[in-house]
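Beneath this line is the structure, given in structure tokens, with notes to follow.
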Amino acid sequence: METSLCTQKRAKGAHFCQLRRSIRAVCMGAIICTASILYSCTDPFMDTMTYALPQWPPENDAQAAYPPLICWEISYYDGVSFQTQTVSAETRSISFSTGRNFPCPLVAQPITKHGEKPYPFFKPAGCIPPFHPTITWEDGWAAQVAYVSARMSGENFLRFNWNKLVEAVRTEQMAQPGYNPWWWHDPEATAQKVQAGTADKKVAAGKTIYPLPVTDVAAQISPAPHAALAGSTVLSPYIASQQHMADSDAVFVPHNVVVDFLFAPETVLSVRKYNTKVTVTVDSMEH
């Protein structure tokens, strides 16, 4: 009788051990299966988006005057890492994954042909997904500030209200045709203010802008007036302000800041207004 009871206990113990091993195997299998599903599916915190690149030449009255586009240099932050890629001039759109509900700035720098040289003369276009997901020339400066700020790895990058910065630039553009944030606000210095928590509502504020008729600019070229400038299209490196220049047949400049303009594929005008005096010099991009 005792032998029989011992045998039954051993049998029950063996059965329990087998059951426990089976449950453990099922649990491990479920964990592995779940992990496989998670790795094989789209990250629930990321969205893959497609962004249209700006048209080249830009859609304004100076289309025929723009130099040929060689390529785009794309830089962006996807919420995890920084990515760069070069795409051909024929590329119409790009796709990449961005984090949900936090800023992922993208900067699109056009590289154009000047004589035989490629050069990044024009300011980049950009956007700050997911809040402003369309790449525009107007948002290029704000996107550059956000991209530089992201690389600084400070907490204020996520806390800063990038919507307000974009809207501040647009408000300035409406108030002052010809406004160019690159004149007064270096993206690196502005990003440092963001990280330090000292960027205020004036972070994109403009100053007085002076329109100078193209004919007056031609007359000031040293050492002699540049006859070829008469009737030529003068291009601003900040494409967002180009239409305003064309409408007024003038270039826009701030006080005491040297501003470069392109009036031939290889020729740059450097214009400076100081008080009532305007000086203009000509330089070749072939040098």
Side-chain angles (χ1 to χ4, degrees), residues 42-43 45-113 118-151 161-174 177 179-182 187 204 233 235-246 262:
T42 302
D43 189 324
F45 300 105
M46 305 289 282
D47 284 321
T48 298
M49 303 290 290
T50 298
Y51 302 90
L53 289 168
Q55 176 180 313
W56 193 273
E59 294 182 281
N60 56 49
D61 288 347
Q63 271 192 311
Y66 282 94
L69 178 67
I70 296 176
C71 63
W72 294 94
E73 290 185 351
I74 311 295
S75 303
Y76 63 90
Y77 174 59
D78 63 11
V80 178
S81 60
F82 297 91
Q83 307 291 334
T84 58
Q85 59 178 291
T86 300
V87 299
S88 69
E90 292 73 30
T91 303
R92 295 292 176 261
S93 63
I94 57 173
S95 298
F96 69 98
S97 295
T98 60
R100 292 182 181 177
N101 300 320
F102 60 90
C104 295
L106 179 152
V107 179
Q109 173 67 61
I111 306 298
T112 46
K113 186 177 182 179
Y119 195 77
F121 177 80
F122 297 96
K123 299 300 183 184
C127 62
I128 309 178
F131 315 116
H132 293 275
T134 303
I135 301 174
T136 67
W137 299 111
E138 290 81 358
D139 294 343
W141 175 81
Q144 183 72 40
V145 173
Y147 181 79
V148 174
S149 180
R151 295 196 71 93
N161 192 328
W162 297 105
N163 280 320
K164 283 190 175 181
L165 182 65
V166 170
E167 294 305 320
V169 172
R170 294 178 181 179
T171 298
E172 291 288 341
Q173 289 167 338
M174 292 291 292
Y179 163 85
N180 182 342
W182 302 85
T233 300
L235 299 177
S236 169
Y238 185 52
I239 292 173
S241 67
Q242 184 61 43
Q243 194 59 54
H244 298 298
M245 286 176 43
L262 191 71

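Shortest non-hydrogen contact noted between Y238 and E138 is OH-O, 3.6 Å. Among all heavy-atom pairs drawn from H132 and C127, the shortest one is O-CB, 3.1 Å. Heavy-atom minimum distance, S241 versus S236: OG-OG, 3.3 Å.
When each of D78, T48, D47 is paired with S97, the side-chain hydrogen bond (donor to acceptor under 3.5 Å, both in side chains) condition holds for T48 and for no other.
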Could you walk me through whether Q83 and F96 satisfy the side-chain contact (heavy atoms from CB on, under 4.5 Å) test, starting with their C-alpha distance in whole Å, then the side-chain angles of each, then the deciding distance to 0.1 Å, before giving a yes or no?
CA-CA 10 Å; Q83 307 291 334; F96 69 98; over 6 Å; no
For the pair E73 and S75, evaluate side-chain hydrogen bond (donor to acceptor under 3.5 Å, both in side chains) and give the outcome as yes or no after the intermediate values.
CA-CA 7 Å; E73 290 185 351; S75 303; over 6 Å; no
Please assess Y51 against I74 for the test side-chain contact (heavy atoms from CB on, under 4.5 Å), listing each intermediate value before the final yes or no.
CA-CA 11 Å; Y51 302 90; I74 311 295; over 6 Å; no
Where do Q242 and Y66 land on the side-chain contact (heavy atoms from CB on, under 4.5 Å) test, with the steps shown first?
CA-CA 11 Å; Q242 184 61 43; Y66 282 94; 3.4 Å; yes
Working note: W141 + N180, criterion side-chain contact (heavy atoms from CB on, under 4.5 Å); need CA distance, chi angles, decisive distance, verdict.
CA-CA 9 Å; W141 175 81; N180 182 342; over 6 Å; no
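A salt bridge does not link E167 with K164: every distance from a Lys NZ or Arg NE/NH1/NH2 to an Asp or Glu carboxylate oxygen is 4.0 Å or more.
With hydrogens and angles ignored, the 3.5 Å screen pairs a side-chain donor or acceptor of T112 with a backbone N or O of Y119.
Heavy atoms of other residues, nucleotides or ligands lying less than 6.0 angstrom from CD of E59 number 12 at most.
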